[in-house]
Amino acid sequence: MAKAKLLLLFSIYFLLLLLLLLGADARPPFACVGPTSSLPFCRTSLPIRARVRDLIGRLATSEKIRLLVNNAAAVPRLGIGGYEWWSEALHGVSNTGPGVHFGGPFPGATGFPQVISTAASFNATLWELIGRVVSDEARAMYNGGQAGLTYWSPNVNIFRDPRWGRGQETPGEDPSVAGKYAASYVRGLQQPYGGKSGYLRLKVAACCKHYTAYDLDNWKGIDRFHFNAKVSKQDLEDTFDVPFKSCVVEGKVASVMCSYNQVNGVPTCADPNLLRNTIRGEWGLNGYIVSDCDSVGVFYNTQHYTSTPEDAAAVAIKAGDRRHCSNKNQKMLNITTQHTFGPLVPGLDLDCGPFLAQYTQGALNQGKVNLADINNALANTLTVQMRLGMYDGDSSKQPFGSLGPRDVCTPAHKELALEAARQGIVLLKNAGRALPLSPARHRNVAVVGPNSDVTTTMIGNYAGVPCGYTSPLQGIGRYVGTNHQAGCTDVACSGTRQPIDAAVAAAARSDATVVIMGLDQSVEAEMVDRVGLLLPGRQQELVTKVAAASRGPTILVLMSGGPIDVSFAEHNPKIAAILWAGYPGQAGGMAIADVIFGAFNPGGKLPVTWYPQSFVDKVSMADMGMRSDPSRGYPGRSYRFYRGPVVYPYGHGLSYTKFSHSIAQAPAQLSVQLDGKRAASLNSTTWLNRAVRVTHTRCDGLTVPLHVDVTNEGDLDGAHTVMVYSVPPEGHLAPVRQLVAFEKVHVAAGGQARVVFGIDVCKDLSFADKYGIRRIPIGDHSLQVGDLSHSLSLRAATVLI
Ligand SMILES: *[C@@H]1O[C@H](CO)[C@@H](O)[C@H](O)[C@H]1NC(C)=O
Ligand SMILES: *[C@@H]1O[C@H](CO)[C@@H](O)[C@H](O)[C@H]1NC(C)=O
Ligand SMILES: *[C@@H]1O[C@H](CO)[C@@H](O)[C@H](O)[C@H]1NC(C)=O
């Protein structure tokens, strides 16, 4: 009996030990457990600002300074752990930053398609859903001590030039689509809950980067660390700023990152106009501003913007001289009980890199910054940490506290990665309805090309370790027998020793040929811009020879972030179909096969203009101008301003079925009411052909109702994105046309669906004048949907007061 009891006790002891050991990979609590947990900054019943104030009041200056950098030091005497702010989750939890570690119970995370591919789905529901899944996995990894809670994603710079190596990370060239992507993905990641208005709790904190006009990495000797982007006020307002504004105002992002480059001679991370007046003042950022890694060091060491490092530290923290700032709309966090706090309008709050930890004390000693500036910066970062629950004690007892290894790479998450890849594939050409192939008729398929059996190529940059891969060869192999020949040893495909002949032989003896070509990170990446748009090396030769020899149809599949000039393939009748798969993520090969064999009807559309090579021969990558300038032979950029020849236009994308549109309802005219005084001075005739300032109208909440019917005229179900463009009246420096709304709908074969849009007059029908002031042109606008054009007469109402 006693022996049995002892045994029982012993096994209970063992069980407890085992539990303890199993629990050992959970994160040690960050703060507010043990003796310090009764301090006011740990009290969840107090308002966050009071907790932040309390905590800042307890910190010594040297401790504060060590919190201004990404690897924030622990403050052991207050029970606060060290924290690595730099984690990334561009399209899945990524180990690009030091905050994320794969291994142990978290060997990988779901690897979604690169953002440019996901953008091509034009499905905002999908964008938000991916964000939610990524933040589930991020929280799970945080709980396990292998990731942070602050993610420096998404990248919402405009894909301005087709050569940009990081264009793949972005949602493309259209500012409002990028803005919608930013707001959707950020909402998905942050999933705000509970709390009071400004202090909503966050699942994780996202960051929109890189503010602003950053879209050149390294091109013909010009690099991002030295580049001074010369940007007009006009382009800044209606192109470069648009996605960031949407991210802050609509997405309510918790952070913005400033960039390495200068804008008009001032490093963005030292520009009070950008950081204070725009991001905080106009847009009301509720969060922190972080440098790129380490852009403060870069503007001192590389750009020699200040004469001493202390000046650089001061200029960043203060973002210039406070006296020159106007913060009329500033939403201040009112911290007045301690007079060491200024109004909460610092410049940079956090430095990714060591610079501020090294030089802030010196700047303080020299009187270049004061404690209030530092307190303000900390108030912004600490508030975000509080909103993340980091000072609420044991994180396992908090919302999302139960997420763990079993919530990562779940079947549902992997299925979403596959679904996203399918939705992002764009059918560029399908002559004679060559696609889909039939597994019954095409039993043996030659699978050719340097990207035909790739894995890491499919996830692009800023990726993590995926749950697993399906390469194109594997995906196609699930449908049919394959004859695999790479044809090129790598994407560079240069030199005489390329195995092209073997690929030609494989094509000659197969029922169909799929050639999977394109680019990878050796050709386009961070710090690697392209110089040309053609397929690298002998890739075109391989495609042409294989197509000529192929017994059956040849299908060209392109993997790339940026556009490729494949005019040769578009015009070659031997190449029946062309698909662009972007970088389709961990399940990309399966998605490609599902499209090729008709298990999925493609509905993706190009998020960038596919220019011909002649465009880049003519245009310097360093020329930031969006608008065309015929006087100097400058063609302008993006579908909004460029009217020259294209390989494929923005928004191009075919389906296996045929969709048609009809406009069911839309007004023929609309009045915009002017504010009383201005309307009184002029009548409606004299307002015609003018453009009124948005701030002088009452356009707030004014929308143009537009009802569009979509009919699926074919015999296959499919999804279709209805894209609505507006064309302003002639005679303004407004875009030639501008996407003002889009919506994706699923329509069964033979069926019809109605899409109802409300086009925002202030936002969508306005453009910036040369002073960067938004105006609405009065006169005849037209709304375009597919081939349809609807005329809308916009009038200035003179009805007074
Ligand atoms: C800030 O709070 C103090 C004390 O609560 C109050 O007297 C003051 O008017 C407030 N200031 C602003 C700008 O809201
Ligand atoms: C509008 O004003 C113009 C110029 O002041 C004038 O010639 C015209 O008759 C006015 N039209 C109406 C409808 O009042
Ligand atoms: C948009 O994406 C979501 C998530 O994958 C999907 O459920 C939905 O069907 C998509 N919409 C259309 C019209 O394809």
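All residue numbers refer to positions in the sequence shown, counting from 1. First listed ligand is number 1; within each ligand, the first listed atom is number 1.
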Query raised in the report: Under a 4.0 Å heavy-atom limit, does E419 contact ligand 3 with its side chain, its backbone, both, or neither?
Result: side chain
Query raised in the report: Is it the side chain (CB and beyond), the backbone, both or neither of V745 that lies under 4.0 Å from ligand 3, heavy atoms counted?
Result: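 The backbone, only.
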Query raised in the report: What about the rings of W127 and Y181, do their centers lie closer together than 6.0 Å?
Result: yes
Query raised in the report: Are the ring centres of Y193 and F400 closer than 6.0 Å?
Result: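 Yes, ring centres under 6.0 Å apart.
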Query raised in the report: Hey, are Y583 and E524 close enough side-chain-wise for a donor-acceptor pair under 3.5 Å?
Result: yes
Query raised in the report: Any N or O of Q423 that comes nearer than 3.5 Å to an N or O of ligand 3?
Result: yes
Query raised in the report: Would you say N123 has any N or O atom under 3.5 Å from an N or O of ligand 3, going by distance alone?
Result: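 Indeed, backbone or side chain, N123 has an N or O that close.
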Query raised in the report: Is the backbone of I759 close enough, under 3.5 Å, to the side chain of D764 for a donor and an acceptor to pair up by distance?
Result: no
Report task. Indicate yes or no for a side-chain donor-acceptor contact from S255 to the backbone of C207 under 3.5 Å, with no hydrogens or angles considered. Result -> no
Query raised in the report: Do protein heavy atoms approach atom 11 (N) of ligand 3 to less than 4.0 Å?
Result: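 Given the 4.0 Å limit, the answer for atom 11 (N) of ligand 3 is yes, a protein heavy atom qualifies.
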Query raised in the report: Is atom 5 (O) of ligand 3 close to the protein, meaning a heavy atom under 4.0 Å from it?
Result: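 Yes, there is one.
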Query - Top protein contact for atom 14 (O) of ligand 3, by heavy-atom distance - result: A719 CB, 3.6 Å
Requested in this report: Among Y642, Y639, F641, find the one that has a ring pair (Phe, Tyr, Trp, His ring centres under 6.0 Å) with Y650.
Outcome: Y639
Report task. Anything under 30° is parallel, anything over 60° is perpendicular, the rest tilted; go ahead and classify F659 against H720. Result -> parallel
Query raised in the report: What are the atoms of ligand 3, with element, lying closer than 4.0 Å to any heavy atom of L129?
Result: 4 (C)
Query raised in the report: In terms of atom number and element, which parts of ligand 3 are under 4.0 angstrom from non-hydrogen atoms of H746?
Result: 13 (C)
